Each structure stands twice: as C-alpha cells, then as structure tokens.
Amino acid sequence: MSQMKSRMETAAKMKDEDKLYRRDGILYSTVLSPPETLDKLKDLQAREDDLILVAYPKCGFNWMVAVLRKIINASTGKDEKPPERPPLVEFLPPTVQEEMAQMPPPRLLGTHLHPDNMPATFFTKKPKILVVFRNPKDTVVSYYHFMNKNPVLPNAESWDKFFSDFMTGDVSWGSYFDHALAWEKRIDDPNVMIVMYEDLKQNLPEGVKKISEFFSLPLTDEQVSSIAGQSTFSAMVENSQKSHGNFGSIFFRKGEVGDWKNHFSEAQSKQMDELYHSKLAGTKLAARMNYDLYCQ
Amino acid sequence: MEIPDFSSMKLDSRPELIDFEGVSMTRYFTDNWEKVKNFQARPDDILIATYPKAGTTWVSYILDLLYFGNESPERQTSQPIYMRVPFLEMCFQGLPLGTELADTLPTSPRPIKTHLPVQLVPKSFWEQNSKVVYVARNAKDNAVSYFHFDRMNMGQPEPGDWNTFLQKFMDGRNVFGPWYDHVNGYWKKKQTYSNILYMFYEDMVEDTGREVARLCSFLGLSTSATERERITKGVQFDVMKQNKMTNYSTLPVMDFKISPFMRKGKVGDWRNHFTVAQNEQFDEVYKQKMKNTTVKFRTEI
C-alpha cells in the first residue's frame, strides 16, 4: 500500500489535465501507467499456470481479485496475505515486472487493458483468462464516481460530460464497447471464461464454483459457500479498510445493479440503448449480458 | 410611449409558500386578494389561463397581435407584453397591481392573464360569460420549465435542486398548486362552461398556424390567411426570445444569467432532465393523480 500511497500523493499534486496521457488513441494514467511501464509490458512473460483476471474498469475487478485470492488460498491450503500492490500489470514499474519472473506459481495477474494491448504471451502461453463484464449503464455510473474519488484520475467535470466521453470511448483504458467486441471474438476460446457481474451478484456461490473449476482449483462445497459468504459486496466493504486501507472507499461504492436509473436521463438511456444495439446486438456476449433485463 | 422603467423594483428575499384556500401560493399573488376576488370582468374580456410555464406569454402575444397588431402597431415596440396583457393577481412592490392594470387597459377586448386554478378565478368572469383561453402543457416539460423559471425568478420560492423540485411538483407544493388539479379543473369546467377554449402547448408547437386558426374561430375573428401566417411567423419561439417586449428581460426580478425566461420552448426536453428512476416514479404518481380524468397529454411530438 505504501507504494500506492506515494503515487496517490504524487497525483494529488498534479493538475487534472496532466493526470492522463494518450497512447495509440487511448487514455492512460500518467502516474500509474507511464509510457516506460507500458513499453516494458510488451516483454512480460506469462506462464501457462498464471491466473489472469481481466475487466474493463468498474466491472467488478477488485471484487474478483478478493474472490480469486480466497479461492487460491482455500484450494492450495495456503493463507497468504494479499501483496501490497493490486495485480494490475499496467501499474507495475519495469523493475517490478522483471521481478515477476521470480514469483512462485500460481501468479495472479490482472489488467484493464484491451486484449490487443495486453502482453502477447497472455494468449500465446495459453494461461486461463477470467473476464468480468458488467452492464454498461451501471459501469459508466460507477466509473463516474470513481473518477471523482480517485486522486490519480482527473475529476469528471459533470455527469453529462463524463457520460458523453464514455459513449465516445474517450475515458481511461478506452471504449467499453471496443473491449466488449474484442472479447466477443474470443468468447469461444477454451482458455477464456467470461462472467457477468450481475450473475455473480445474483448467485455468488455458483460463480465461485465455476471460477474455481475453470482455474482447476478444486474446492469443497463448504469452501465455496464460505468464500461466497465472505465475498458479498457488504462483506467486502466491511473488510475494505483491512484489504485496501484508505482506498477502500475509492474502490467499493454501492455495488448495486440498477443504480444507473438514478443518474441517466431518459435521453441518455435511449442514447446508450442505441449505441449498445448498434455495437453488440446479436453477439454471444450480448446474449450473456441480459441487457434488456438490467438496462431497461 | 416610453418603455416602463421598473429598475427600482426590489424584492427583499424569495417568498415562502403559504396555504391559501387550499392552494399553495405566495403573498405576491394573495396580498391584493380582495380586489382580485371582486374584479369586474366584462363580456368581451379574454382571460388567458394557464399553469405557470405552459405557454402563457405565447398565447398572450398571439392574442395581442390578432386584435391590435394592425390598429396600434406602436404597442409592439413600446410596451412589454406584461403591460399589454395584465397579470391579474400580480402584486409586486414597485410594479402596478394586476387589477389596476386590467382596469385601466384602454383596449377592447381586454386580454387578461391568470395562473389561478379554476376555483379561484373571480366569479365575475363566469357571470359575464367572458371568453377563457386555457393552455395546458404536459406535466413533464411543464415541471422542467417551472424548475428553471424558479431558479432565475427571485419572486418565486427557492426551488432547490432538480430532484427536490420534482418531488415538490409531484406533491403539488408549487405556487398555484398542483399541476394535476389545475389542468383537470379547467378541463372539467369546459363541460359546464362553453366559452372555454382548451389548448395544448404541444399542439401549438406542432402546428402554430393551425392553432392560431382555432383561436380565431373560437374568438369569432375573420382574420385572413395571410395575416394569420404573418402572426404565426412573428410568434415563433426564437423570434419571441429575441424580442425585448416579450422576453421579460425588462423585469429586474429575473436573473437571465441563471436561465432566460424563454429557455427552449421544446416538447420532450424533459428527457434531458428526468433520470430514469425519476421518470418511473413520476409515471406512478401521474397514473394515480390522473386516473379520473379524460384529458390526454403528449410528452413528445
């Protein structure tokens, strides 16, 4: 946490307009993902036994990190404290990336990067990749609040402005829809499992079971229900002071499904519906996302 | 005639809502009540009645042009609309009383404006069989427009933020009472009083010319098609918004830096203000409040 804290302090002193920079058309955090970090990332060597977690920002990444750590500990019989830093590879300075090679398996690596911008070995070495998606309406609302609470990112000028930036993909880590379409192409890859935030909210024990099986980390039924019980959103919030220190309130806000209705104007809702259907209608991912249930 | 100077008009603070005969009001509309209540209407008076922000100024200007556009064109550049069409219940310090303005109107017929709900309209209008033009606007756009109006008008209670205002609107805690009662009251009156023309703001936006023709027919005016077309052009929203005599920019109680008196004049702008949750809640309340009426509104055209 101390490393993260010093970065946050650095960011807090920066002007908002300096907090992001553009690389190949996509915005990244100047403090957390400077160019040298992303340059070095190309050489990151994944292993077949890595556990890789991918999510577009605010789709439940931190929640799943906690769940996965519990699954790993329960399955391997270890009780390891979570490492100091979040497992986002795009936040790892070049020296730390080099140290990664010495890490014992299983390594938990995570990213918000678009698949085209991930280290090539994430696909060539065929590690198992868990991808979490959340309906775009709740995602943008959560992202908006995150922008306003996270000193590393610039404040969103207003909800309307942030919404319109999100719609055009002019936000950190790029367009939600580009990410979705990229994973749609890989939806049948046996090394990729896509889970929905909303499904996990509805039936976490089933989600824990599926995830542990996907990563070949066997759990007993008791372990499944114990992990699920400790990983509900309210339990995570309660524990966030321990798990994330002062950043707990930044990462965990409401965790609700449907909070978008309190932010979206009717016009914005219609706009999002149109964009969603033009981009994702008829895709397998859309069928899994259950947009009409969660976004109408 | 000089444009009246009301720069001395001062309001100490925004008024509080008061309960007046079961209707939310402020003292600016009740302090002169005896004179309002006993106002002497004439058979040829035309009462323009609306809930606030439903198209009052628009219809006022149309009527003014229909009757006096040709015979006294100087009115159009020398007198603001609120002097030509007095606001009956108005009672602001530094402004002439609405009743006085109406009593001293030199024109015949006298166009008079009110926002009073039907039960508070001076009896004399009904007794004299005066013509009443009522304009109704769909509740969602009306609420949005009223919100922006309250923000910029120091003569109105503090609206709070949009969510706070909307809750008040749904509860009917606005100056001149609940929208529901207002539109339903005049709709019901129409069944027993034949001299009411009930118009819809949405119809006027959709086809102003058609609605001007309806007005002429109701008023028994044989205005030529050319004249109606000229009037229709003159009362387009953007034209009126730029016109100092119709845009209320000469009244110091209104802060145009916050929001102009004439803002958008659109149908469906509510979609940019109501969140989906607010819309769902509003629809529920609306269904309840409007379940016993036959009046139907369009929230888009």
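Side-chain atoms are counted along with the backbone in the values below, which use heavy atoms only and exclude waters and symmetry mates. Order of the sequence lines fixes the chain letters, A, B, ..., with proteins taken first and strands second; residue numbering starts at 1 for each chain. Nothing here was measured: the structure is a model prediction, and the numbers come from that model.
- Shown here is B/Glu16, whose CD atom has no more than 12 heavy atoms of other residues, nucleotides or ligands within 6.0 Å.
- Crowding of A/Asp24 atom CG: a count of heavy atoms from other residues, nucleotides or ligands under 6.0 Å not exceeding 12.
- With hydrogens and angles disregarded, a donor-acceptor distance shorter than 3.5 Å links the side chain of B/Thr275 to the backbone of A/Lys261.
- Atom CG in B/Asn272 sits 7.5 Å away from atom CD in A/Gln268 (nearest 0.5 Å).
- Side-chain atoms of A/Ser265 do not come within 3.5 Å of backbone N or O of B/His273 as any donor-acceptor pair.
- The structure places NZ of B/Lys140 at 6.5 Å from CD of A/Glu266, a figure rounded to the nearest 0.5 Å.
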